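One structure is given below, encoded as structure tokens.
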Amino acid sequence: MADWTLRESLATTSGTVRWDRFGDPGGEPVVLLHGTPFSSYVWHEIAPALAAAGHHVHVWDMAGYGTSDMHPDQDVSLGTQGRIFTELLAHWGLGEPSVVAHDFGGCVALRAHLLHGARYRRLALVDPVALEPWGSPFFRLVGEHSHVFEQLPAALHEALVREYVTSASHLGLRPATLDALVGPWTGERGQAAFYRQIAQADQRYTDDIQPLYPTLDLPVTVCWGTEDTWIPFAKGQELAGLIPGARLVPVPESGHLVPLDAPARLTSEVLTFLGA
């Protein structure tokens, strides 16, 4: 998996999304969801480790992200992503997989389960976007003026995205990793897509489901980077307190990008949770 390539695709109402799966088809299915402004690449170390442990691992790039379609007037909202994820589960024939979801992926997984009837065996939430209020000052500024930011010269835009993505890591990202995360957002198409997904981000998509967290009736673990400057660790404590029986796992020396700051630690925690 040195070259992270998603080999399969599914046509949806918001364009074609790319996906792939690894490991033993007879193994327990596990689905990994990424957040924003990232892609399935955030799982490039953890996915093969889970597959090597005997799991059948599924990954995908959300509509408008990574290698999936990006086009003008595209609906890439969290509401749409939740519906697409439900479609993907049906397309994969997964009745009750375990799900591991990071950042926006947490909201997507929760919406699919709570609003669209997707069933999971277990759910691991990693620094998810799940509670109000959310959105950094930068995120809100861009969202309110996305049409202005879209006009930035390409070099300035790329520098902005690099700085923004870098700020999600506590330990710092390797150059190749940073390039892989930033790459989809460059070029005319990628630049427009970057601001499109921020412009369509809306807290109402978590407001819809936040009152339903106490009704969750499945094993849930909440993993959170203790040095997360995007969504503070206190939000992890709050979220775990709202979900019956949820276990909170602090991940020390890790920022918001736990899958890249602490891949070995997170893999260990996920494997323990899957085997519980």
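Quick caveat, the model's predicted, so the values are computed rather than measured.
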- For the residue pair Val57 and Trp43, establish whether any side-chain heavy-atom pair is separated by less than 4.5 Å. no
- Checking side-chain contact (heavy atoms from CB on, under 4.5 Å) for the pair Phe139/Tyr164: CA distance, chi angles, key distance, verdict? CA-CA 10 Å; Phe139 198 86; Tyr164 183 48; 3.3 Å; yes
- Would you give the length of the straight line joining atom CD of Gln203 to atom CG of Asp208, rounded to the nearest 0.5 angstrom? 10.5 Å
- Side-chain contact test, heavy atoms from C-beta onward, threshold under 4.5 Å: evaluate it for Gln237 versus Trp224 and give yes or no. no
- Message: My understanding is that only residues two or more places apart in sequence, or in another chain, count here; which of them pass side chain to side chain contact (heavy atoms under 4.5 Å, CB included) with Thr229?
- Response: none
- Item | Qualifying salt bridge (Lys or Arg N to Asp or Glu O under 4.0 Å) pairs, either residue in residues 10-31, two or more places apart | Arg7-Asp20, Glu28-Arg121
- Query: With a 6.0 Å cut-off on ring centres, are Trp185 and Tyr65 close enough?
  - Reply: yes
- Item | Test side chain to side chain contact (heavy atoms under 4.5 Å, CB included) applied to Leu242 - qualifying residues, sequence neighbours left out | Leu131, Tyr213
- Message: Treating Arg196 as the side-chain partner and His71 as the backbone partner, does any N or O pair qualify as donor plus acceptor under 3.5 Å?
- Response: yes
- Decide whether Phe194 and Val76 are clustered together by the hydrophobic rule: side chain heavy atoms of Ile, Leu, Val, Met, Phe, Trp, Tyr closer than 4.5 Å, transitively. no
- Query: Linking I/L/V/M/F/W/Y whenever their side-chain heavy atoms sit closer than 4.5 Å, directly or via other members, would Ile231 and Leu171 fall into one cluster?
  - Reply: no
- Query: Does Val222 belong to the same Ile/Leu/Val/Met/Phe/Trp/Tyr cluster as Val249, with side-chain heavy atoms less than 4.5 Å apart forming each link?
  - Reply: no
- Message: Are Arg122 and Phe273 packed together at the side-chain level, in the sense that at least one heavy-atom pair is separated by less than 4.5 angstrom?
- Response: yes
- Query: Can you get from Ile198 to Val148 by hopping between Ile, Leu, Val, Met, Phe, Trp and Tyr side chains that sit under 4.5 Å apart?
  - Reply: no
- Message: Taking Met62's backbone N and O only, do any of them form a donor-acceptor pair with His34's side chain (distance below 3.5 Å, no angle check)?
- Response: yes
- Query: Is any side-chain heavy atom of Pro244 closer than 4.5 Å to a side-chain heavy atom of Asp217?
  - Reply: no
- Item | Aromatic ring proximity, centroids under 6.0 angstrom, Phe85 and His116 | no
- Locate the shortest heavy-atom distance separating Gly172 from Asp261; write the atom from each residue and the value. N-OD1, 4.4 Å
- Item | Residues which pass side-chain hydrogen bond (donor to acceptor under 3.5 Å, both in side chains) with Ser254, listed by chain and number, not counting sequence neighbours | none
- Query: Taking only residues two or more places apart in sequence or in another chain, which ones pass side chain to side chain contact (heavy atoms under 4.5 Å, CB included) with Ala49?
  - Reply: Thr267
- Message: Just verifying a value: how many Å separate Leu115 CG and Ile209 CD1, rounded to the nearest 0.5 Å?
- Response: 6.5 Å
- Residues passing the side chain to side chain contact (heavy atoms under 4.5 Å, CB included) test with Pro232, sequence neighbours excluded, are Lys235
- Message: To the nearest 0.5 Å, what is the distance between CG on Leu239 and CG on Leu110?
- Response: 7.5 Å
- About how many Å separate CG of Leu50 and CZ of Phe22, when rounded to the nearest 0.5 Å? 11.0 Å
- Message: Looking at every heavy atom in both Gly66 and Ser39, which two are closest together, and how far apart are they?
- Response: CA-CB, 3.8 Å
- Message: Applying side-chain hydrogen bond (donor to acceptor under 3.5 Å, both in side chains), can you list everything that pairs with His256, at least two apart in sequence or on another chain?
- Response: Asp103, Asp228
- For the pair Ser268 (side chain) and Arg265 (backbone), establish whether a donor and an acceptor sit closer than 3.5 Å, ignoring hydrogens and angles. no
- Under the salt bridge (Lys or Arg N to Asp or Glu O under 4.0 Å) test, residues paired with Glu163 that sit two or more places apart: none
- If only atom types and distance count, is the side chain of Ser169 paired as donor or acceptor with the main-chain N or O of Val165 below 3.5 Å? no
- Given Ser14 and Asp75, is the side-chain hydrogen bond (donor to acceptor under 3.5 Å, both in side chains) satisfied, shown in steps? CA-CA 6 Å; Ser14 285; Asp75 185 347; 5.0 Å; no
- Item | Option among Trp4, Trp60, Trp19 that satisfies the side-chain hydrogen bond (donor to acceptor under 3.5 Å, both in side chains) test with Ser40 | Trp4
- Message: I'd like to check the side-chain hydrogen bond (donor to acceptor under 3.5 Å, both in side chains) partners of Thr206; sequence neighbours left out, ordered by chain and number.
- Response: Trp134
- Query: Looking only at heavy atoms, which two atoms of Ala63 and Gln81 are closest? And how far apart?
  - Reply: O-NE2, 2.9 Å
- Stepwise, does the side-chain contact (heavy atoms from CB on, under 4.5 Å) test hold for Val251 with Asp127? CA-CA 10 Å; Val251 184; Asp127 297 62; 6.0 Å; no
- Smallest heavy-atom separation, Thr86 atom then Ala112 atom, equals OG1-CB, 3.5 Å
- Message: Test your reading of the model: is there a side-chain donor-acceptor pair from Gln197 to the backbone of Gly64, 3.5 Å cut-off?
- Response: no
- What's the spacing between Leu125 CG and Thr221 OG1 if we round to 0.5 Å? 8.5 Å
- I would like to know whether Leu181 and Val42 meet side-chain contact (heavy atoms from CB on, under 4.5 Å); could you show each step before the answer? CA-CA 8 Å; Leu181 294 176; Val42 298; 3.9 Å; yes
- Between Gln191 (side chain) and Glu150 (backbone), is there a donor-acceptor pair under 3.5 Å? yes
- Message: Filter on salt bridge (Lys or Arg N to Asp or Glu O under 4.0 Å), then keep only pairs touching residues 170-190, sequence neighbours left out; what's left?
- Response: Glu45-Arg174, Arg162-Asp179
- Main-chain N/O of Pro252 paired with Glu227 side-chain donor or acceptor, under 3.5 Å: no
- If you measure from OG on Ser98 to CG on Leu218, what distance do you get to the nearest 0.5 Å? 9.0 Å
- Does Leu260 reach the side chain of Phe38, with side-chain heavy atoms less than 4.5 Å apart? no
- Task: May I ask you to decide if the ring planes of His58 and His56 are parallel, tilted or perpendicular, using 30° and 60° as cut-offs?
- Result: perpendicular
- Task: Evaluate the side-chain proximity of Leu114 to Thr215: yes if any heavy-atom separation is below 4.5 Å, no if none is.
- Result: yes
- Query: Is there a donor-acceptor contact under 3.5 Å from the side chain of Thr226 to the main chain of Pro250?
  - Reply: no
- Decide yes or no for Leu89 and Val31: does some side-chain heavy atom of the first lie under 4.5 Å from some side-chain heavy atom of the second? yes
- Donor-acceptor pair, Gln74 side chain versus Asp69 backbone, under 3.5 Å? yes
- Task: Using only heavy-atom distances, determine whether the side chains of Ser167 and Trp230 contain a donor-acceptor pair under 3.5 Å.
- Result: yes
- Query: Taking only residues two or more places apart in sequence or in another chain, which ones pass side-chain hydrogen bond (donor to acceptor under 3.5 Å, both in side chains) with Gln200?
  - Reply: none
- Tell me, with the steps shown, if Tyr41 and Thr67 meet side-chain contact (heavy atoms from CB on, under 4.5 Å). CA-CA 10 Å; Tyr41 184 79; Thr67 56; over 6 Å; no
- Residue set satisfying ring-ring contact (aromatic ring centres under 6.0 Å, His included) with His113, at least two apart, ordered chain then number -> Tyr120
